Structures are given as C-alpha cells and as structure tokens.
Amino acid sequence: QVQLVESGGGLVQPGGSLRLSCATPGIIFSMSAMGWYRQAPGKQRELVAVIGTGLSTTDYADSVKGRFTISRDNAKNTVYLQMSSLKPEDTAVYFCNASGIEYDYWGQGTQVTVSS
C-alpha cells in the first residue's frame with residue numbers, strides 16, 4: 001500500500017498564505033508526475049496544479065494561476081503547494097496525487113479553510 005502523507009492545511013484569513021507538503025515513497029516519487037487536487041463540499045474534485053518529473057513542467061488551474069506555486073524537492077521526495085492571496089473559494093480538502101503509466105495514488109487529504 002503506497003501512502004502519500006499531506007500536511008500544512010489549516011484555517012487562514014482571506015489574503016493569507018499556506019504551504020502544503022506531500023511526502024511520497026522515493027521509488028514512486030522519482031517516476032511520477034505529482035499533482036494537487038481539491039474538493040469543496042458538494043463539488044467534484046478538481047485539478048489545482050501538476051508538476052512533471054522534470055522540474056520545469058508545471059500546469060495550473062486558471063483559478064489559481066499567479067497565486068499558487070507547485071514545486072518538488074527530489075532529494076526529500078516531497079511536493080509542495082505554496083498558496084498565496086487565498087480566497088474563501090479556495091476552501092476545500094486538498095489531495096496529493098502521484099501518477100504514472102500504470103498507477104494513480106492519492107493522499108488522505110488535508111483541509112484548507114479560508115475565512116475571516
């Protein structure tokens with residue numbers, strides 16, 4: 001059983017920042033595109049950001065472009081999501097994902113709540 005372990009969620013005021021982390025087993029991390037998804041109550045899970053095995057390949061949802069940054073530290077087998085200028089509509093459970101040709105692994109999710 002592959003476990004992705006997310007951390008860094010919490011309660012933050014509008015305009016604030018948070019950094020999410022996702023630790024991944026090394027053999028999986030090195031082969032995988034890593035992504036962050038989110039799911040708000042009553043809504044479908046949606047892609048937030050993804051980074052390829054090459055550090056320069058990233059993509060973002062339009063709603064977070066310019067505010068969120070995804071990065072990966074290959075030495076620590078960890079992917080990060082730096083979130084800035086947070087808005088109430090960013091409130092959701094955020095999930096880490098590791099995907100390859102024949103597999104798709106998920107973390108348990110971490111709650112992010114943006115509220116005053």
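If you read the sequence from its start, that first residue is 1, and numbering goes on from there. Keep in mind it's a predicted model, so treat the numbers as computed, not measured.
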Answer yes or no: is there a donor N or O on one side and an acceptor on the other, between the side chain of [X] and the main chain of [Y], under 3.5 Å?
X	Y	value
Asn97	Asp104	no
Gln39	Val93	no
Gln82	Ile70	no
Thr78	Lys76	yes

Take a 6.0 Å sphere around CD of Gln44 and say whether it holds more than 12 heavy atoms from other residues, nucleotides or ligands.
no
Between [X] and [Y], is any pair of side-chain heavy atoms under 4.5 Å apart?
X	Y	value
Asn74	Ser30	no
Phe29	Val79	yes
Val114	Lys87	no
Cys96	Met34	yes
Val112	Leu20	yes
Leu81	Val48	yes

Do Val64 and Phe95 land in one hydrophobic cluster if side-chain heavy atoms of ILVMFWY residues count as linked below 4.5 Å?
no
Scan residues 13-40 for pairs that pass salt bridge (Lys or Arg N to Asp or Glu O under 4.0 Å), counting only residues two or more places apart or in two chains.
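Every salt bridge (Lys or Arg N to Asp or Glu O under 4.0 Å) pair that includes a residue of residues 13-40, provided the two are not neighbours, is Arg38-Glu46, Arg38-Asp90.
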Working to the nearest 0.5 Å, report the span between [atom1] of [X] and [atom2] of [Y].
X	Y	atom1	atom2	value
Ile51	Asp59	CD1	CG	11.5 Å
Arg67	Ser85	CZ	OG	7.0 Å
Gln3	Tyr105	CD	OH	12.0 Å
Gln13	Ser115	CD	OG	8.5 Å

Specify the closest pair of heavy atoms between [X] and [Y], including all atoms of both residues, with the distance to one decimal.
X	Y	value
Gly107	Glu6	CA-OE2, 3.3 Å
Tyr60	Lys65	O-CE, 3.3 Å
Thr91	Ala40	O-CB, 3.7 Å
Leu4	Ala98	CD1-N, 3.7 Å

Lys43: which residues meet the side chain to side chain donor-acceptor pair (under 3.5 Å) condition with it, sequence neighbours left out?
none
Walk me through it: do Arg45 and Trp106 pass the test side chain to side chain contact (heavy atoms under 4.5 Å, CB included)?
CA-CA 12 Å; Arg45 190 173 297 188; Trp106 294 89; 3.2 Å; yes
Thr53 and Met31: side chain to side chain contact (heavy atoms under 4.5 Å, CB included), yes or no, with the steps?
CA-CA 7 Å; Thr53 52; Met31 299 187 299; 5.8 Å; no
Any donor-acceptor pair under 3.5 Å linking the side-chain atoms of Tyr103 with those of Ser32?
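Yes, Tyr103 and Ser32 have a side-chain donor paired with an acceptor closer than 3.5 Å.
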Whether the Thr113 and Gln111 side chains hold a donor-acceptor pair (N or O, under 3.5 Å, no angle test) is what I'd like checked.
yes
Side chain to side chain contact (heavy atoms under 4.5 Å, CB included) assessment of Thr58 paired with Val50
CA-CA 6 Å; Thr58 60; Val50 62; over 6 Å; no
The test is ring-ring contact (aromatic ring centres under 6.0 Å, His included); show your working for Phe68 and Trp36 and say whether it passes.
CA-CA 11 Å; Phe68 291 11; Trp36 287 97; over 10 Å; no
Checking Arg72 against Tyr80: charged group under 6.0 Å from the ring centre and within 45 degrees of the axis?
no
